[in-house]
There are 4 protein chains.
Amino acid sequence: MGAQEREEGAVSAGVRREIVDAAARVIAERGESASMADVAAAAGIGRATLYRYFPNREALLVGLTSAALADLTDNIAAAELDSVDVLEGVARLSRAFFRSATRYAALAHMREKYLDKPAELERRVLAPVRELLQRGIDSGELREDVPLELHVEVLTGLYERVIRLVVDGRLGAEGASALVTSVFLRGVGAGRT
Amino acid sequence: MGAQEREEGAVSAGVRREIVDAAARVIAERGESASMADVAAAAGIGRATLYRYFPNREALLVGLTSAALADLTDNIAAAELDSVDVLEGVARLSRAFFRSATRYAALAHMREKYLDKPAELERRVLAPVRELLQRGIDSGELREDVPLELHVEVLTGLYERVIRLVVDGRLGAEGASALVTSVFLRGVGAGRT
Amino acid sequence: MGAQEREEGAVSAGVRREIVDAAARVIAERGESASMADVAAAAGIGRATLYRYFPNREALLVGLTSAALADLTDNIAAAELDSVDVLEGVARLSRAFFRSATRYAALAHMREKYLDKPAELERRVLAPVRELLQRGIDSGELREDVPLELHVEVLTGLYERVIRLVVDGRLGAEGASALVTSVFLRGVGAGRT
Amino acid sequence: MGAQEREEGAVSAGVRREIVDAAARVIAERGESASMADVAAAAGIGRATLYRYFPNREALLVGLTSAALADLTDNIAAAELDSVDVLEGVARLSRAFFRSATRYAALAHMREKYLDKPAELERRVLAPVRELLQRGIDSGELREDVPLELHVEVLTGLYERVIRLVVDGRLGAEGASALVTSVFLRGVGAGRT
DNA sequence: CATGAATGAGGCTTCATTCAT
DNA sequence: AATGAATGAAGCCTCATTCAT
């Protein structure tokens with residue numbers, strides 16, 4: 001309201017958040033091919049209004065990706081993975097992922113595309129995860145016959161699928177988190193193999 | 001259809017198969033939004049020719065889905081799951097899935113859409129899988145604290161993710177199959193929990 | 001409209017003038033396709049405010065056209081073309097046109113569209129110009145082998161192009177005016193032909 | 001028709017030419033803001049078909065610019081300006097411009113934008129023109145009190161305006177060409193000044 | 001049968017315009 | 001009176017699909 005700040009920028013941060021949430025929902029459900037119209041409708045605004053907040057489709061997806069990543073980053077940081085033992089660490093990590101279920105589901109649909117700063121994902125998400133799992137391998141708590149990289153794939157693969165169940169409402173976030181943690185660590189086998 | 005197979009959609013079955021393969025490859029890599037042009041190019045034919053084999057996009061995807069399902073169905077039938085114990089059964093099942101990695105990857109990208117006869121999936125794929133896993137639960141070889149439905153989700157979730165590694169050439173089908181089997185049954189935990 | 005000028009479109013006449021000037025500048029430079037946002041920005045006001053002064057784009061362009069025409073009309077009237085000989089008359093006419101260079105440039109970009117009252121242009125601009133030139137033809141000071149209408153086209157055509165140089169700052173209004181006058185009357189040829 | 005030349009390119013050169021002609025007509029009349037739909041309609045084809053020949057609007061305008069430039073270039077080259085005296089040279093130059101009236105009119109509407117290779121315009125059009133006019137100045141056939149650059153502006157300014165008359169059908173190309181040549185060289189003044 | 005060419009429908013984006021503060 | 005926010009219409013472009021050779 002000073003003297004001159006005409007046009008551009010500002011616009012309510014609340015609406016922006018609503019749009020990102022709507023986009024997350026829509027993309028989580030219908031996949032990356034969801035249209036701008038779908039998102040606008042889900043956010044309860046007109047298509048043209050959507051463009052006031054995000055100048056184009058890519059900007060929206062970048063924004064969504066970035067918000068999802070921020071969530072994940074925050075949750076993981078708050079989990080203080082390196083202050084606990086590996087098993088507890090995996091449990092916390094799972095809760096971190098399932099806490100932003102819808103956004104992560106959307107993120108998964110978009111693969112690596114739209115990453116604003118790919119290094120962020122690497123540094124704040126993958127690195128902590130790898131560190132945790134590597135620690136487990138080194139300590140003998142995790143299998144050493146499975147390469148670290150596959151540990152990561154398996155774990156995030158489980159997240160990806162089970163999060164779909166959460167988004168569909170078939171499972172609660174807590175239950176889902178516990179399930180993945182448990183299955184990841186013990187498998188579904190009951191006894192020897 | 002003796003010598004003169006006229007009537008609708010006869011056309012060379014060989015080309016048809018090539019098209020389906022091309023579609024599977026393209027969809028497995030670029031997702032369901034791959035265009036008819038992409039598929040035609042991958043199959044080495046013109047767009048218009050593609051339409052001689054599949055009258056529209058949906059028909060192609062139904063055809064692909066159906067081919068993938070047929071593969072899966074055949075592989076699972078050949079695995080004779082009910083003639084072996086549960087642990088061996090899971091191993092065979094995994095091999096069955098990874099044997100048609102690319103097609104299954106495409107199938108996964110398309111979710112339930114395009115299922116010609118949903119009952120087929122239910123009867124020839126899911127039913128045997130459930131039967132196998134239920135048998136495991138009943139016999140105490142699989143965890144009874146995880147509902148059957150989640151067993152299925154976890155297992156196919158692992159297939160879905162790891163198959164991506166196979167399609168990307170980062171893992172061989174055999175190794176991938178063994179990995180999933182082992183992780184599914186034992187998890188990645190090394191000791192008790 | 002004494003002290004309390006209410007009724008439609010009163011609003012500050014000063015701002016209105018600024019807007020028209022801004023529009024003239026923008027249209028002279030970027031052509032008729034300049035957007036309302038461009039004009040608002042150039043006028044240093046918000047888009048919505050612009051609409052308080054001109055209810056729609058056409059109204060703005062009509063306003064601009066009309067202002068440009070008014071300028072031209074005034075300048076031409078002040079030139080008292082019929083009180084001087086033809087050669088001096090052409091010189092005065094040129095100065096009249098170049099005096100509102102930017103507005104005339106904008107006018108040229110818009111062609112005949114947006115003329116509020118086409119008769120005005122005809123009566124107060126074209127008529128005096130034709131009268132002047134016809135007088136020249138009749139007196140033998142201008143070529144009689146070129147139809148009057150083409151005299152007009154050639155002269156205004158020269159104005160249109162050379163005014164662009166003025167708007168771009170490559171030529172001063174006085175110099176430009178002298179150039180066109182001289183070229184119009186003598187051409188660029190140095191000797192007989 | 002060899003073995004493989006699928007998609008892209010080729011497409012009838014005749015249609016391409018028709019499109020460029022249609023675009024020239026439409027742009028000459030309605031200005032650069034003419035829509036792709038306008039052009040398609042003028043060419044008697046569907047909008048989507050237009051995109052088979054020109055992948056986007058810019059490509060079309062570049063193509064048109066390039067065609068106009070080619071015309072001009074050819075005509076100027078064929079005029080062999082440097083083999084004749086300056087006065088004849090100007091006459092030939094004018095004919096060269098008016099020979100592709102519509103295309104040049106369109107070119108003028110688009111200003112410098114869309115020039116594929118700006119050097120081409122410089123080297124094959126402006127350079128010969130400047131050379132001719134400079135020769136005239138040096139020989140005393142053209143006025144030396146007007147800078148070369150203004151000679152060029154005046155001449156092309158006359159072309160631009162008078163070509164409009166040709167496009168509108170108010171003047172034939174030959175007459176227009178003679179008019180501009182004559183006015184450029186002698187002005188419209190009949191006697192001394 | 002195969003294919004180059006043509007097209008309608010639908011998604012993205014901009015812009016003139018309106019609304020509510 | 002001024003402005004930030006919201007929107008419908010219209011233009012660009014892609015893609016599934018059809019047609020004619």
Side-chain angles (χ1 to χ4, degrees), chain A residues 1 4-12 14-16 33-40 43-60, chain B residues 10-12 15 33-40 45-61, chain C residues 6 9-12 15 33-40 44-61, chain D residues 1 3-12 14-16 33-40 43-60:
Chain A
M1 316 85 176
Q4 299 276 89
E5 86 239 74
R6 228 167 301 299
E7 310 293 313
E8 304 298 332
V11 295
S12 153
V15 175
R16 204 185 142 93
S33 63
S35 79
M36 292 297 269
D38 289 340
V39 173
I45 61 178
R47 227 174 343 182
T49 304
L50 175 51
Y51 280 92
R52 266 188 71 75
Y53 292 83
F54 296 93
N56 54 49
R57 184 191 168 82
E58 178 167 0
L60 172 61
Chain B
V11 291
S12 154
V15 175
S33 63
S35 76
M36 292 297 269
D38 289 340
V39 173
I45 61 176
R47 244 176 322 194
T49 305
L50 173 51
Y51 278 90
R52 284 197 67 72
Y53 290 85
F54 295 94
N56 55 45
R57 182 190 165 85
E58 178 166 359
L60 172 61
L61 297 186
Chain C
R6 208 47 55 139
V11 291
S12 152
V15 175
S33 63
S35 77
M36 292 296 269
D38 289 339
V39 174
I45 61 177
R47 243 175 323 193
T49 305
L50 174 51
Y51 278 90
R52 283 197 67 73
Y53 289 83
F54 295 94
N56 55 46
R57 181 189 165 85
E58 178 166 359
L60 171 60
L61 297 186
Chain D
M1 317 86 175
Q4 299 278 87
E5 85 237 75
R6 228 168 301 297
E7 311 294 311
E8 304 299 334
V11 294
S12 153
V15 174
R16 206 186 140 93
S33 62
S35 79
M36 292 296 269
D38 289 339
V39 173
I45 61 177
R47 229 175 338 186
T49 304
L50 176 50
Y51 281 92
R52 266 188 72 75
Y53 292 83
F54 295 93
N56 53 50
R57 185 191 167 82
E58 177 167 359
L60 172 60

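Sequence lines set the chain letters: A, B, ... in the order given, protein chains first and strands last, and positions in each chain run from 1.
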**Request:** Can you measure from CG (D:Leu50) to CG (D:Leu60) and round to the nearest 0.5 angstrom?
**Result:** 6.0 Å
So which protein N/O to nucleotides 17-21 of chain E N/O distances come out below 3.5 Å?
{"unit_1": "E:dT17", "atom_1": "OP2", "unit_2": "C:Arg57", "atom_2": "N", "d": "2.4"}

**Asked** If you pin D:Gly44 and A:Ala34 to their nearest nucleotides in DNA chain E, which one's is more 5'?
**Response** D:Gly44
**Request:** Treating a pair as Watson-Crick (purine N1 to pyrimidine N3 plus N6-O4 or O6-N4) or G-U wobble (N1-O2 and O6-N3) with both distances under 3.5 Å, list the stems of 3 or more consecutive pairs that involve DNA chain E.
**Result:** E:2-21 with F:2-21
**Request:** Determine: side-chain N/O of B:Tyr53 to OP1/OP2 of E:dC1, distance under 4.0 Å, yes or no.
**Result:** no
**Request:** Report the distance from atom CE of A:Met36 to atom OH of A:Tyr51, rounding to the nearest 0.5 Å.
**Result:** 4.0 Å
**Whichever of D:Ser33 and A:Thr49 has its nearest DNA chain F nucleotide further upstream toward 5'** = A:Thr49
**Item:** Atom pair distance, as rounded to whole Å: CZ in A:Phe54 and C1' in F:dA6
**Value:** 16 Å
**Prompt:** For A:Arg16 and A:Tyr53, which heavy atoms make the closest approach, and how far apart are they?
**Reply:** NH1-O, 3.6 Å
**Asked** Out of F:dG4, F:dG11, F:dA1, which nucleotide sits closest to the side chain of A:Arg52?
**Response** F:dG4
**Message:** Can you measure C:Ile45 atom CD1 to F:dG4 atom C1' for me and round it to whole angstrom units?
**Reply:** 14 Å
**Asked** Quick check: are there more than 12 heavy atoms from other residues, nucleotides or ligands sitting under 6.0 Å from CZ of B:Arg57?
**Response** yes
